[in-house]
Amino acid sequence: MSGNRSLLYEVWSFLKVRKKWWLLPLIILLILAGLLIIFGQSSALSPFIYALG
C-alpha cells in the first residue's frame with residue numbers, strides 16, 4: 001500500500017472491494033455532523049444552527 005493515498009480514497013477503495021455500500025450513508029452522516037460541529041462553534045451562522053436543534 002502506498003503512503004500517499006488519502007483517507008477518502010482508502011475508504012472508497014474499501015467500499016468498492018468489500019461491497020459494503022450500506023456503510024456509505026453512515027459515513028456521509030458522520031461527515032455532515034462533523035461539519036455542523038465545526039461551523040457551529042465560531043461562525044455567524046451559530047444562532048441559526050442552534051435553532052435547528
Side-chain angles (χ1 to χ4, degrees):
M1 295 189 81
S2 172
N4 295 346
R5 292 186 180 171
S6 69
L7 179 64
L8 292 176
Y9 182 76
E10 290 288 334
V11 171
W12 181 252
S13 296
F14 173 78
L15 291 175
K16 272 185 4 184
V17 171
R18 304 278 186 212
K19 306 285 193 250
K20 302 284 186 185
W21 298 114
W22 59 271
L23 284 173
L24 196 58
L26 180 64
I27 293 169
I28 291 171
L29 284 176
L30 286 174
I31 291 171
L32 289 176
L35 289 174
L36 185 64
I37 290 171
I38 290 170
F39 287 125
Q41 286 181 351
S42 60
S43 73
L45 298 176
S46 296
F48 302 108
I49 293 174
Y50 179 75
L52 291 176

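Not measured: the values here are computed from a predicted model.
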Exercise for review: Kindly indicate whether the side chain of Trp21, heavy atoms from C-beta on, has any atom under 4.5 Å from the side chain of Lys16.
Suggested key: yes

What about [X] and [Y], same hydrophobic cluster or not, with Ile/Leu/Val/Met/Phe/Trp/Tyr joined at side-chain heavy-atom distances under 4.5 Å?
| X | Y | result |
| --- | --- | --- |
| Leu7 | Leu29 | no |
| Trp22 | Val11 | yes |
| Ile27 | Trp12 | yes |

Revision key, fill the gap. The single option from Leu30, Leu26, Ile31, Leu24 that satisfies side-chain contact (heavy atoms from CB on, under 4.5 Å) with Ile28 is Leu24

